[in-house]
Amino acid sequence: MAFGKGHHLHLIDGSAFIFRAYHALPPLTRKSDGLPVGAVSGFSNMLYRYIEGNTGPDAPTHAAVIFDYSGKSFRNDIYPQYKANRPPAPEDLIPQFPLTRDATRAFNISCIEVEGFEADDIIATLSCQARDAGARVTIISSDKDLMQLIGDGVEMLDPMKNKRIDSDGVAEKFGVGPQRVVDVQALAGDSVDNVPGAPGIGIKTAALLINEYGDLDTLLSRASEIKQPKRRESLINNEELIRISRDLVKLDCDMDLDFTLDSLEVKGPDADQLVEFLAKMEFRTMVKRATERYGVEAPDLPDASASASGAAPQTQSAVPETKPFDLDAYEHIRDMGALERWIDDIYERGYVAVDTETMGLDAMQVDLVGVSMCVEAGKACYIPLTHKAGDDDLFGGDSLVEGQLPLDLVIDTLRPMLQDPSIMKIGQNMKYDAKIFARYDVTVAPYDDTMLLSYALHAGLHNHGMDALSERYLNHTPIPTKELLGSGKSMITFDKVEIGKAVRYAAEDADITLRLWQIFKPKLHAEQVTTVYETLERPLSPVLTQMERNGIKVDRDVLSRMSNNFAQKMAGLEAEIQELAGQEFNVGSPKQLGEILFDKLELPGGKKGKTGAYATGVDILEDLAAEGHELPARVMDWRQLSKLKSTYTDALQTFINPDTGRVHTSYIQTGAVTGRMSSSDPNLQNIPVRSEEGRKIRQAFVADSGKKLISLDYSQIELRILAHVAKIDSLKQAFKDGHDIHAMTASEMFDVPIEGMDPMVRRQAKAINFGVIYGISGFGLARNLRIPRKEAQGFIDRYFERFPGIKEYMDETVAFAKEHKYVETLFGRKIHTPEIAAKGPQAGFAKRAAINAPIQGTAADIIRRAMIRMPDAIADLPAKMLLQVHDELIFEVDGNACDAVIEAVKDVMENAAEPAVHLDVPIEVDAGIGDNWAEAH
DNA sequence: CCTGTCACG
DNA sequence: GACGTACGTGACAGGG
């Protein structure tokens, strides 16, 4: 029978249940692995009681639990600040959200969430549909926003007070009937959801006004008739805001849903499924209750009495590293039967550690040699695929070794598992493996990465390479790569490794990875960095994978012409320099140069470093050149050209991928402790721009034919963050007014008007502004500005006098670091500062690093958030994201779509901090378009 | 493999 | 009173 008259639909507000469960219960964790499950437990309990309590004639025939989809809803498009002052969900609640969905399904109740919509809208749509079909509806929630739906057979049930609410109940609460609830809410606003409303008007006044004028539109059109001046002004001055508020509180009854009300029919729990879920969560009481109630067999649960009865605690899963490594126990997979058994096992467990072995380190070029997997500590395997004998046959190719499955067959067999959303893949630096697999048409997802886990947990404490992590956390030294492949000229590729050795090495890596995961994953909650890992690290990795695969086109001819040009100029300079020196020597050797300058020519200022060599850095050469010495000036010219040639125009050519004609850098997500990334092979984050000569190198980075490069960069983002975190009103105001921030600083400090300011004065203020971000010192500023140290210190003193908040911020940050041994960004990223308590010169370093890290790190977090949202934002546009340079993103775009892309990207970048963090300063992004990077920047 | 130098934000 | 200092990176050449 189709849904309609005589049916009774229950719509349960799931999110309300979760938060109530979370706050009502003490923090509870799953015994076996420490996963927080308190809210899941409370939620499950509520569902259990709900089901048990709903028997008899009034029982629902149809039911659904509705959840909020995480992230923004369409309301944020209407009003960006909507719900902006909501604090983020508690750290230990976040991992429980998906589990509450699992719980709902385990109870065999429909579980509904829709991206871009709030639970309230889904409830509204379903309740309208059911009402129109002639059925009864009960909304189980205590959220007053849902009261507008009441009437015509729709009621609410407040689960807290167990009280039914009908039209009379609504009138009691809002002073108007359900049809006018939206009008009252639009006027009164809501501080919890950040709905603005009309200032000075609350629910009581709003109801009074609506009752007098009939509805909101009439009220607004006749606002001038209101006698009380305050009310009248508030309504007239905020008409637009009130209308926006109405759009915000009005629920959407016309959503397109891809299921029918029929599908929500109540079927009653499937006992086996329910008990299995409860057992997995280790909810002993509920398992007992459910098994007894439904008469099914209880599954095995980890022994709970062990620690309670005083016996030795079980260490098996809590401390997996205590299980010794046995390299000979690893399995060599040589037939399909074994492979199928492994895949079955993986499906049963729901996760697997994976590692690839390849011909080299360039993931865009090298071929796969084998794959290793691990499902529990000590249980690992290796699937060799293309190991070769090294016995050149007549055709110059090596023959495949025995005991290997065909590569295509293995890939096709693994692909469904590697792509299965229900199987968690675990890797160490999985971006590399994902890139390898991508070349075989496998999109690995979802995945956890032990390197990223360690980074979220331990930034500042140590590096996150697998060997180091294994030593530190597993007390185990892995087989060194050198031992397997050798090094230097005689190094072999992995396909030449004898299979027996390869099994031990490769499977060991997967084993280590799995064990690290078992330690790190639960540690996220303990260290309060789950959100950092889940929102800033894990989702970024696939984005980087795609960017690296995109690559950027580089014009070899442009580079090679520049190289020749540089070579000629350098030869000329070299001759000139040796003429001046009166002898031949290697200009590129700082040691030889120092001897020429200070021993032979006896120039002043020779200082020897700890190695006994003269220092010949650019600052020293500059001093000498300033005194009129020709040779050091020419050496400076030579060095600039040498740098440009060797590092850029020569080296970049070798990175052009022969298959794609493009350069594919590799981003190291864990590259900088602050949260910044680094780029390598080649480093595309340090392509010259400051000097005229060097900037030309950017002309070699070009758009493909018919396309353009566009570059968007954050304008002074670190200074804006400083203004926000240090709460400097004058700086904030200057940014809001769009003033020249360095000129404003100069004006404050030196009491000079901004109009007609001496550029030198502005330059000094700019240097101070940057110095502040770096944890300023008189010496550093003096060196940068080339002024006496006393004078620099005077500037700093004056600066702190004018901006006392900055000094306060710096002192507070250092104090925080000393107390906690870490500092954190606005998004909760922790940067550990173990050196902060040190005595001696390191102390100064640590202090400045601690001051800088939250600022640099917050900026890094913001652009990460933008990058994570970018694939969705440009999904329907002909654009590809290619590069990130700390505060800049570079895209390649079809020529006619540049404006549309800029608009979309700008929007994402400028709002990237929201809704997690709302800055008191505007974030601004500048954009440029060109056929090459020099033009676009 | 380490150091000095220099390219970037 | 002396000492040594801007923050964060990666690549290259020279030299042991």
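Order of the sequence lines fixes the chain letters, A, B, ..., with proteins taken first and strands second; residue numbering starts at 1 for each chain. Computed from heavy atoms alone, side chains included, the values below leave out hydrogens, waters and symmetry copies. As the structure is a computational prediction, the values presented were derived from the model and not from experiment.
Atom-to-atom, CD1 of A:Ile776 to P of C:dG4 comes out at 21 Å; the value is rounded to the nearest Å. For the pair A:Arg829 CZ and C:dG8 C1', the interatomic distance rounds to 13 Å; values are reported in whole Å. Whole-Å rounding puts the A:Ile717 CD1 to C:dG8 C1' distance at 16 Å. Here C:dC7 presents its C1' atom at 13 Å from CG of A:Leu719, a figure rounded to the nearest Å. Nucleotide B:dC6 holds its C1' atom 16 Å from the CD atom of A:Glu693, rounded to whole Å. A straight line from CD of A:Gln793 to P of C:dG4 spans 18 Å, rounded to a whole angstrom. Rounded to a whole Å, the CZ atom of A:Phe701 is 13 Å from the P atom of B:dC8. Nucleotide B:dG9 holds its C1' atom 10 Å from the CD atom of A:Gln884, rounded to whole Å.
Comparing C:dC7, C:dT5, B:dT5 by their nearest atom to the side chain of A:Thr616 picks out B:dT5. With distances taken from any side-chain atom of A:Ala849 to the nucleotides B:dT5, C:dC7, B:dC8, the minimum falls on C:dC7.
Annotation: C:dC3 and B:dA7 have their C1' atoms spaced 30 Å apart (nearest Å). For the P atoms, the distance from C:dA6 to B:dC6 is 15 Å, rounded to whole Å.
Contact of the A:Val689 side chain with the A:Arg698 side chain is registered, since non-hydrogen atoms from C-beta on lie closer than 4.5 Å.
The base of B:dG9 is paired with the side chain of A:Arg690 by a donor and an acceptor separated by under 3.5 Å.
Rounding to the nearest 0.5 angstrom, the gap separating the CG atom in A:Leu781 from the CZ atom in A:Arg789 is 11.0 Å.
Regarding contacts with the backbone of B:dG9, every side-chain N or O of A:Arg676 stays at 4.0 angstrom or more from both OP1 and OP2. A close approach under 4.0 Å does not occur between any side-chain nitrogen or oxygen of A:Arg848 and OP1 or OP2 of C:dT5.
For the segment residues 925-937 of chain A, no residue has any heavy atom less than 4.0 angstrom from an atom of DNA chain B.
When only modelled atom types and interatomic distance are considered, A:Ser680 and A:Ser666 share no side-chain donor-acceptor pair under 3.5 Å. Judged purely by distance below 3.5 Å, without hydrogens or angles, the side chains of A:Thr616 and A:Arg639 pair a donor atom with an acceptor atom. With 3.5 Å as the limit, one finds a donor-acceptor pair spanning the side chains of A:His937 and A:Glu888.
As judged by a 4.0 angstrom heavy-atom cut-off over every strand, A:Gly617 is placed among residues touching the sugar-phosphate backbone only. Using a 4.0 Å heavy-atom criterion, one finds that A:Ala792 contacts no nucleic acid atom at all. Across all strands shown, A:Asn784 has heavy atoms under 4.0 Å from base atoms, whether or not it also approaches the sugar-phosphate. A:Ile687 comes within 4.0 angstrom of the backbone, heavy atoms only, and of no base. Across all strands, A:Gln640 comes closer than 4.0 Å only to sugar-phosphate atoms, never to a base (heavy-atom distances). Among the atoms of the strands shown, base atoms are found under 4.0 Å from some heavy atom of A:Arg789.
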Stepwise, does the ring-ring contact (aromatic ring centres under 6.0 Å, His included) test hold for A:Tyr455 with A:Tyr533? CA-CA 9 Å; A:Tyr455 184 57; A:Tyr533 176 73; over 10 Å; no

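Counting heavy-atom neighbours within 6.0 Å of A:Gln568 CD, excluding the residue itself, gives a total of 12 or less. Under a cut-off of 6.0 angstrom, the local environment of CG in A:Asn463 is sparse, with at most 12 non-hydrogen atoms contributed by other residues, nucleotides or ligands.
The two residues A:Thr825 and A:Ala853 have their closest heavy-atom pair at CG2-O, 4.4 Å. Between A:Leu785 and A:Ala767, the shortest heavy-atom contact is CD2-CB, 3.7 Å.
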Pairing of DNA chain C as dot-bracket, 5' to 3': ( ) intra-strand, [ ] crossing, | other strand, . unpaired, with Watson-Crick or G-U pairs under 3.5 Å? ......|||||||||.

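A salt bridge between A:Asp861 and A:Arg865 is absent, with no side-chain N of the basic residue lying under 4.0 Å from a carboxylate O of the acidic one. The residues A:Glu537 and A:Arg829 are annotated as salt-bridged, a charged nitrogen and a carboxylate oxygen being separated by less than 4.0 angstrom.
Looking at A:Thr745, its side chain does come within 3.5 Å of a backbone N or O of A:Ile741 through a donor-acceptor pair.
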Could you run down nucleotides 9-16 of chain C 5' to 3' and tag each one B, S or - for protein heavy-atom contact under 4.0 Å? SBBSSSS-

